[in-house]
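Side-chain atoms are counted along with the backbone in the values below, which use heavy atoms only and exclude waters and symmetry mates. Chain letters run A, B, ... following the sequence lines, proteins first and then strands; every chain starts at 1.
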There are 2 protein chains.
Amino acid sequence: MGRRSDHSREELEALILDAGQNLMAQVGFAHFSAREVAKRIGYSVGTIMHLFSSVDHLVLAINSRTFLLWTAWLEERLSGVSGNDRIYALVQGYFDFAAHHHNLWSAIYEHRLPADMAMPDAHNELRGCLMTLVEQEIAAVLPHVEQDEVARLARSLVASVHGHCAFALSGSFALLGEDAPLDLAMQRVIDTLRAQGAPSF
Amino acid sequence: MGRRSDHSREELEALILDAGQNLMAQVGFAHFSAREVAKRIGYSVGTIMHLFSSVDHLVLAINSRTFLLWTAWLEERLSGVSGNDRIYALVQGYFDFAAHHHNLWSAIYEHRLPADMAMPDAHNELRGCLMTLVEQEIAAVLPHVEQDEVARLARSLVASVHGHCAFALSGSFALLGEDAPLDLAMQRVIDTLRAQGAPSF
DNA sequence: TTATAAATTGCACAACGTTCAATTATTCTG
DNA sequence: CAGAATAATTGAACGTTGTGCAATTTATAA
């Protein structure tokens, strides 16, 4: 008991987040448990509570990490792609990540912050990187649109694609007889880009 | 113990669903509890398990009821409205319901069916009524589009609006500095209707 | 060396979903 | 109408969960 020398505070936090994200990927948000995370790293639950204060803070941190993974995933999908294909790569990458990391992706949206708990700025900025990435791509396709409007469009298009992705992964689309959610999402994006006067869509 | 005469099976199910939906509205999916429902109606948890088999089935039934509420809400918002305004009423009604019944609405999407549990047909049909309603409105605005395509468009537009609504209620839009999610959603719907050649949008 | 501070634990608590034998109420049968 | 069969309902148990806290161990400072 009490073996501070094994890991520094930062190392221990990383250890917990690694194990936590693995557990989340394996069992999903509904069956996630701080106790199980503790068991997996050989520490007691109290240590996790000491470092993260509550299971909500831990899940928040895990989900922010997932955003990081997600952004990297999208950047890789964009590398080497040019022109309008970058928009396709972006939408498809969005769907692919969710499909390949179903539990991690869903956890982001299944977790609701307690009413008395605000999103820490650091986490918000981390998560915002994904939106920045999308803004850049939208701006490239709509060179005549001013930046504020690009930002609004990016938010809106992400929301639209998110809706399609959520319905796809939850099974709602399947229950409605829809078998090509990605095509649907892509069409909606094209509708909007054309409405904004995108040159070649 | 054992007082079968108090309520018939159907009455008791309705009693549980009423109390369950009230509890869900008050505390949200994360703090919903079958035990608390039992306490509120003066029965034991065992009785609820006997009638609904598991808390997942109970939540499923509550959420299907919410779909019913939601559909009725939309129909009321549509009554007396004509022309293109019906599309506006529909999108706004979607947002309004979610805002006025945040916990009920969110519970629909926070609840994931266990992997070994399928959506019962009866519930799927119930929930499908909302989509049918939307299909009718889309068909009215796009008279030249054939029915299968209308159905696909309806699914897609609902997904898009859902994405905007989800980001609005979760606070994601606020964190991104977006303060008019409804306008955003409405614009995306118009983009698509115009792309489909809607006469007057 | 001793005092102070920080980390870590183990235990307790209340609540959860689920299971099940026991009990009570109803219905069926002869 | 009595007695057997059936169905409903309960209460208690079990293994979880998140959280709080006093006690203990380790590291640091004086």
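Side-chain atoms of B:His111 and B:Asp56 include a donor-acceptor pair closer than 3.5 Å.
The separation between A:Leu51 atom CG and C:dA6 atom P is 14 Å, rounded to whole Å. Atom CD1 in B:Ile41 sits roughly 13 Å away from atom C1' in D:dA8 (whole-Å rounding). Taking atom CD1 of A:Ile48 as the reference point, atom C1' of D:dT19 lies 13 Å away to the nearest angstrom. We find that CD of B:Glu10 is positioned 15 Å from P of D:dA7, with the value rounded to whole Å. Rounded to a whole Å, the CD1 atom of B:Ile16 is 12 Å from the P atom of D:dA8. Summarising the geometry, the separation between CZ on B:Phe52 and C1' on D:dA8 is reported as 15 Å, rounded to the nearest angstrom. Atom-to-atom, CD of A:Glu13 to C1' of C:dA7 comes out at 13 Å; the value is rounded to the nearest Å.
In summary, the aromatic rings of B:His100 and B:Trp73 are positioned with their centroids under 6.0 Å apart. Aromatic ring centres of B:His162 and B:Trp105 lie closer together than 6.0 Å.
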What does nucleotides 12-18 of chain D look like as a protein-contact string, B for base, S for sugar-phosphate only, - for none, at under 4.0 angstrom between heavy atoms? -B---BB

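In this structure, of C:dT8, D:dT9, C:dA7, it is C:dA7 that holds the atom nearest to the side chain of A:Arg9.
Judged by distance alone, the side chain of B:Ser156 and the main-chain N or O of B:Arg152 form no donor-acceptor pair under 3.5 Å.
The aromatic rings of B:Tyr109 and A:Phe167 lie parallel to each other, with less than 30° between the two planes, well short of the 60° mark.
B:Leu12 comes within 4.0 angstrom of sugar-phosphate atoms only, judged by non-hydrogen atoms across all strands, and of no base.
For B:His50, no side-chain nitrogen or oxygen approaches OP1 or OP2 of D:dT9 to under 4.0 Å.
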For B:Asp183 and B:Arg188: C-alpha separation, side-chain torsions, deciding distance, then whether salt bridge (charged side-chain N to carboxylate O under 4.0 Å, His left out) applies. CA-CA 9 Å; B:Asp183 295 347; B:Arg188 299 293 79 76; over 6 Å; no

